[in-house]
Amino acid sequence: MSGPAGGTARAATTTDVVCLGESMVTFLPSQPGRLADVPSFGRGIGGAESNVACALAAAGHRAAWVGRVGADGFGDHLVETIGGYGVDTSAVRRDPVRPTGIYFRTATDRGAGAHEVAYYRAGSAASAMSPANVPYEEVFAGRVLHLSGITAALSADCLELVRELTAPRPGRPLVSFDVNHRPHLWRGGDASVLLELARRCDLVFVGEDEAEEAWGIVGAEAIRAALPEPAVVVVKRGSAGATVFASGLRPGPRSANAGGAENDGVEFAPDTVTHVPALRVDVVAAVGAGDAFAAGFLSATLRGLPVRDRVRHGHLMAAAVLTVPGDLTKPPARDHADRLVALDDEAWGRLRLGPGWTAADWAPEEVRTP
């Protein structure tokens, strides 16, 4: 299989989702406080795309992560840990010169004024990803290719890579794109390119807040108007829930997608708008919730579930991560999640989830109510 110049020809695959992007070793504080005051840190992993891959694999899907790490101990740790979730890491490349990225963060929520993150990713192995060194056969091997705007911000070569991967081409899998606007990565750059990239994809996740910050677009309807091409646009609205604008994505015969490619098992229907309220969650840490939401939505999409149920699975997967300290956790068992997703609107609205809710013996009747 050739690279972008020669197009692609997809072979039969058993992979559900391929996620491409940077993963880093993250150091989590042993106690609250400023980075200057934290005496020690525990080691974990963090990366939007690898988080999605890990969550999908833990939920029973066949997921692969494609990335680039250094030929160092941190790179070993990432590959081994991500692989430990059941993710296929065989397409990960090792850079003999550039290091694996790392970062430190405080225990506070990302949106809090006291939140601190110290990144050591400049010149990382992942920032050297480009159309010339990514294994296209592996990248296009799944039913879905999941990307994020973080990769596009890492370097000019990474931006060109994302442009290539989102370009219309025969045999392109369904392309999922999480805007994931990170202002600190776009200092001196133009984040409006994220809108260009999102318009080339089939399924887009974007927060109302980041659309306003990156593009000056306010409101879910205005976001959809700015993204007319994707078959599905998921607008995340924080505590207000999520609104989905969908022109289809349900099980059916082969059809052409918005990017001009063909997708197995997908057909498109007239546009619908679905709003699903958020859950009430006793938050432990907010990091990783957006990635978990995307994984839950993708998982339900792969199963051919209705749009409302896809969003509810996204909310539940996010709630699993929100109630633990790190970026990743074991999601609820599928039958457990399906029972909650099937609740009527009133019962769904009464749910309140806290630490431990994913345990097999937990039941909605035990949830605390106001």
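Atoms considered below: every heavy atom in the structure, side chains included; atoms not considered: hydrogens, waters and symmetry mates.
Through side-chain heavy atoms spaced under 4.5 Å, either directly or across other Ile, Leu, Val, Met, Phe, Trp or Tyr residues, I82 is tied to V25, F27, L35, V38, F41, I45, W65, V69, F74, L78, V79, Y85, V87, V92, I102, F104, Y120, L328.
Looking only at distances, a side-chain donor or acceptor of T323 sits under 3.5 Å from a matching main-chain atom of A319. Proximity of a side-chain donor or acceptor of R169 to a complementary backbone N or O of E164 within less than 3.5 Å is detected. Remark: the backbone N or O of G44 is not paired with any side-chain donor or acceptor of T26 at under 3.5 angstrom. Between the side chain of R199 and the main chain of L227, no donor-acceptor pair closer than 3.5 Å is present. A distance-only check finds a donor-acceptor pair linking the side chain of S130 to the backbone of A132 [under 3.5 Å]. The main-chain N or O of G47 is found under 3.5 Å from a side-chain atom of N51 such that the two form a donor-acceptor pair. Under a 3.5 Å cut-off, the side chain of T329 and the backbone N or O of V321 do not form any donor-acceptor pair. A donor-acceptor contact shorter than 3.5 Å is absent between the side chain of E212 and the backbone of D209. In this structure, R143 contributes its side chain and L174 its backbone to no donor-acceptor pair below 3.5 Å. Without hydrogens or angle criteria, R310 side chain to L305 main chain gives a donor-acceptor distance under 3.5 Å.
Ion pairing of E22 with R121 is present here, as a side-chain N (NZ or NE/NH1/NH2) and a carboxylate O approach within less than 4.0 Å. R62 has no carboxylate O lying under 4.0 Å from a charged side-chain N of D88, or vice versa, which leaves the two without a salt bridge. Residues R350 and D345 are not paired through a salt bridge, judged by the lack of any N-O separation under 4.0 Å between the basic side chain and the carboxylate. Remark: D37 engages R34 in a salt bridge, criterion side-chain N to carboxylate O under 4.0 Å. For R172 and D202, the salt-bridge test passes: some basic side-chain N is under 4.0 Å from an acidic carboxylate O.
V324 and L316 are assigned to two separate hydrophobic clusters, defined by single-linkage of ILVMFWY side chains at heavy-atom distances under 4.5 Å. W357 and V284 are assigned to two separate hydrophobic clusters, defined by single-linkage of ILVMFWY side chains at heavy-atom distances under 4.5 Å. Side-chain heavy atoms closer than 4.5 Å link hydrophobic residues (I, L, V, M, F, W, Y) into clusters, and following such links, possibly through other members, connects L340 to L322. In the hydrophobic clustering of this structure, M24 does not group with L28; members are Ile, Leu, Val, Met, Phe, Trp, Tyr whose side-chain heavy atoms approach within less than 4.5 Å, directly or through other members. Both L147 and Y136 are assigned to one and the same hydrophobic cluster, defined by single-linkage of ILVMFWY side chains at heavy-atom distances under 4.5 Å.
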Could you walk me through whether R312 and D338 pass the salt bridge (Lys or Arg N to Asp or Glu O under 4.0 Å) check? CA-CA 9 Å; R312 285 190 172 188; D338 284 345; over 6 Å; no
So V307 and V276, side-chain contact (heavy atoms from CB on, under 4.5 Å) or not? Walk me through it. CA-CA 9 Å; V307 170; V276 181; over 6 Å; no
Would L353 and D282 count as a side-chain contact (heavy atoms from CB on, under 4.5 Å) if you check the C-alpha gap in whole Å, the side-chain angles of each, and the deciding distance to 0.1 Å? CA-CA 6 Å; L353 306 178; D282 296 332; over 6 Å; no
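Shortest non-hydrogen contact noted between V52 and A295 is O-CB, 4.0 Å. V179 approaches E210 most closely through the heavy-atom pair CB-OE2, 3.9 Å. Residues H336 and T358 approach most closely at ND1-O, 3.7 Å, considering heavy atoms. The two residues G238 and A278 make their nearest non-hydrogen contact at O-CB, 3.8 Å. The two atoms that bring F177 and S148 nearest to each other are CE1-C, 3.6 Å, heavy atoms only. The minimum heavy-atom distance linking A128 with N133 is given by the pair O-ND2, 2.9 Å.
Side-chain contact between L165 and V139: present, with at least one pair of heavy atoms (C-beta onward) separated by less than 4.5 Å. No side-chain heavy atom of V281 sits less than 4.5 Å from a side-chain heavy atom of R352. Side-chain contact check for H315 versus W348: some heavy-atom pair is nearer than 4.5 Å. Under the 4.5 Å side-chain criterion, counting only non-hydrogen atoms from C-beta, T274 is not in contact with F245.
A ring-ring contact (aromatic ring centres under 6.0 Å, His included) check over residues 189-236, counting only residues at least two apart or in different chains, returns the pairs F205-F297.
No hydrogens or angles considered: a donor-acceptor pair under 3.5 Å links the side chains of E49 and T151. No hydrogens or angles considered: a donor-acceptor pair under 3.5 Å links the side chains of S50 and S23. No hydrogens or angles considered: nothing links the side chains of E116 and T106 as a donor-acceptor pair under 3.5 Å. A donor-acceptor contact under 3.5 angstrom links the side chains of S192 and D190, judged on distance only.
Between the NE2 atom of H61 and the CG atom of D16 there is a distance of 6.5 Å, given to the nearest 0.5 Å. If you take CG on L195 and CD1 on I217, they are separated by 5.5 Å, rounding to the nearest 0.5 Å. Within the model, atoms OG of S299 and CG of L56 stand 6.5 Å from one another, a figure rounded to the nearest 0.5 Å. S124 OG to L154 CG: the interatomic distance, rounded to the nearest 0.5 Å, is 6.0 Å. One finds the CG atom of L351 at 6.0 Å from the CG atom of L279 (value rounded to the nearest 0.5 Å). Once rounded to the nearest 0.5 Å, the distance linking CG of L20 with CG of L161 reads 6.0 Å.
Within the 6.0 Å centre-distance limit, the rings of Y119 and H184 are counted as a close aromatic pair.
The ring pair (Phe, Tyr, Trp, His ring centres under 6.0 Å) test applied to H313 returns no partner, not counting sequence neighbours.
The one candidate from V234, V144, D178, V233 that meets the side-chain contact (heavy atoms from CB on, under 4.5 Å) condition with L203 is V234. A side-chain contact (heavy atoms from CB on, under 4.5 Å) with T243 holds for exactly one of R224, E221, R237; it is R237.
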